[in-house]
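Worksheet for the structure shown next.
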Amino acid sequence: MNADFLADYIDAHQARFTALSDAIWDTPETRFAETRSSALLADALEQEGFVVTRGVGNIETAFVASAGEGQPVIAILGEFDALAGLSQRAGCARPEPLEENGNGHGCGHNLLGTAGLAAAFALKAWMAQHGGRGTVRFYGCPGEEGGSGKTFMVREGLFDDVDAAVTWHPEGFSGLFNLSTLANIQAAFRFKGVAAHAATSPHLGRSALDAVTLMNTGANFLRE
């Protein structure tokens, strides 16, 4: 694949990708509620000739867009969820929320989906010009921040025929990673105590705070 072709394609469509990224920035939506952000990306993919299936994996804001046919199937992943409490004015390097405690994009999530989409567009254009078989597929992955949206999509078999999956994240350098990380398992715990007089009958009490402290300490040692 000619790297110059891809770079030239991205440069030629830079304004379109920037506008899309800015639109997602302007409407920050938290995990599994990214209705407008998901629609912006899915609509753009449809306009580019991708076949888009929305609401996949029993997740309203998840979608898969596909172009081409046959093997290999190359998956490009894109996230677009925001975080609570990160509201921020664009183009400002110091904290300046537009809405106190409002939503905002952390870790460049307004860029993640858009840049992945740009890569899918460029790859589709290259395939159209050079021919050959293969499928480029864009996965709209909601709930990256604390929602594990991709995990549910994998569980539903949406990646079963994928030969390679590629994603990216902003960093302080340019480089490639091919590694495994610790599993992400989330659970919620509720601690209930029993009140008792601390002086005359402390043995009858059960401290919920003590239970939280013991579990936190034990889980930390287990993690290490």
Side-chain angles (χ1 to χ4, degrees), residues 1 5-6 9-10 12-82 103 105 107-145 147-169:
M1 183 177 295
F5 174 91
L6 299 179
Y9 181 92
I10 298 297
H13 297 83
Q14 178 179 351
R16 180 184 183 187
F17 300 138
T18 300
L20 181 56
S21 174
D22 288 347
I24 294 174
W25 171 274
D26 289 338
T27 312
E29 302 163 303
T30 54
R31 60 187 182 187
F32 303 123
E34 319 94 327
T35 306
R36 182 171 183 268
S37 302
S38 174
L40 284 169
L41 292 168
D43 289 348
L45 285 152
E46 282 184 334
Q47 292 166 11
E48 196 65 19
F50 283 76
V51 177
V52 179
T53 305
R54 308 184 191 222
V56 297
N58 297 314
I59 304 173
E60 181 182 353
T61 53
F63 66 88
V64 176
S66 183
E69 59 181 4
Q71 302 295 124
V73 177
I74 307 300
I76 300 174
L77 280 55
E79 290 97 17
F80 35 82
D81 58 330
N103 299 337
H105 280 284
C107 299
H109 274 211
N110 62 304
L111 304 172
L112 293 183
T114 306
L117 174 143
F121 281 15
L123 182 54
K124 178 178 179 292
W126 185 89
M127 291 170 59
Q129 185 176 104
H130 293 82
R133 290 178 58 83
T135 303
V136 54
R137 196 179 289 167
F138 181 91
Y139 284 76
C141 303
E144 194 275 344
E145 292 283 2
S148 301
K150 289 186 288 294
T151 303
F152 299 113
M153 297 171 75
V154 169
R155 187 180 65 183
E156 295 299 319
L158 298 175
F159 288 85
D160 285 356
D161 64 340
V162 169
D163 293 291
V166 181
T167 189
W168 80 284
H169 199 284

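All of these numbers come straight from a predicted model, not from anything done at the bench.
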**Message:** Can you confirm whether more than 12 heavy atoms, excluding those of E60, are under 6.0 Å from its CD atom?
**Reply:**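 No, the 6.0 Å shell around CD holds no more than 12 heavy atoms from other groups.
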**Request:** Check the surroundings of atom CD in E46: do more than 12 heavy atoms from other residues, nucleotides or ligands lie under 6.0 Å from it?
**Result:** yes
Tell me the closest heavy-atom pair linking [X] and [Y], and the distance in Å.
{"X": "F32", "Y": "I59", "value": "CD2-CG2, 3.7 Å"}
{"X": "V56", "Y": "T53", "value": "CG1-O, 3.4 Å"}
{"X": "L20", "Y": "A44", "value": "CD2-CB, 4.4 Å"}
{"X": "G147", "Y": "R31", "value": "N-NH1, 4.0 Å"}

**Request:** First locate atom OG1 of T167, then atom CG of L112, and finally report the distance between them rounded to the nearest 0.5 Å.
**Result:**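 Taking OG1 in T167 and CG in L112, the distance rounds to 6.5 Å.
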**Item:** Approximate separation, where rounding is to 0.5 Å, of F5 CZ and I10 CD1
**Value:**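 F5 CZ to I10 CD1: 10.0 Å, rounded to 0.5 Å.
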Any side-chain heavy atom of [X] sitting closer than 4.5 Å to one from [Y]?
{"X": "F121", "Y": "L45", "value": "yes"}
{"X": "F152", "Y": "N58", "value": "no"}
{"X": "W25", "Y": "T114", "value": "no"}
{"X": "H109", "Y": "E34", "value": "no"}

**Asked** What residue among V52, L117, L123 forms side-chain contact (heavy atoms from CB on, under 4.5 Å) with F138?
**Response**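 Going through the options one by one, the only one that passes is L117.
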**Message:** What verdict does the side chain to side chain contact (heavy atoms under 4.5 Å, CB included) test give for E48 and R16, after you've listed the backbone C-alpha separation in whole Å, the side-chain angles of each residue and the deciding distance to 0.1 Å?
**Reply:** CA-CA 12 Å; E48 196 65 19; R16 180 184 183 187; 2.9 Å; yes
**Asked** Would you say Y139's side chain and A165's backbone share a donor-acceptor pair under 3.5 angstrom?
**Response**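 A pair under 3.5 Å: no.
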**Any donor-acceptor N/O pair, D81 side chain to E144 backbone, under 3.5 Å** = yes
Which side-chain N or O atoms in residues 35-42 pair as donor and acceptor under 3.5 Å with protein atoms at least two apart or in another chain?
residue : atom : partner : partner atom : Å
R36     : NH1  : A23     : O            : 3.2
R36     : NH1  : T27     : OG1          : 2.6
S37     : OG   : E29     : OE1          : 2.8
S38     : OG   : T61     : O            : 3.0

Residues 63-80 side chain polar contacts: donor-acceptor under 3.5 Å, at least two apart:
residue : atom : partner : partner atom : Å
Q71     : NE2  : D163    : OD1          : 3.4
Q71     : NE2  : D163    : OD2          : 2.4
E79     : OE2  : K150    : NZ           : 2.7

**Request:** Output all residues satisfying side-chain hydrogen bond (donor to acceptor under 3.5 Å, both in side chains) with H105, sequence neighbours left out; order by chain, then residue number.
**Result:**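 Result, side-chain hydrogen bond (donor to acceptor under 3.5 Å, both in side chains) vs H105: none returned.
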**Prompt:** When the ring planes of W126 and H130 are compared, do they come out parallel, tilted or perpendicular, using 30° and 60° as the limits?
**Reply:** parallel
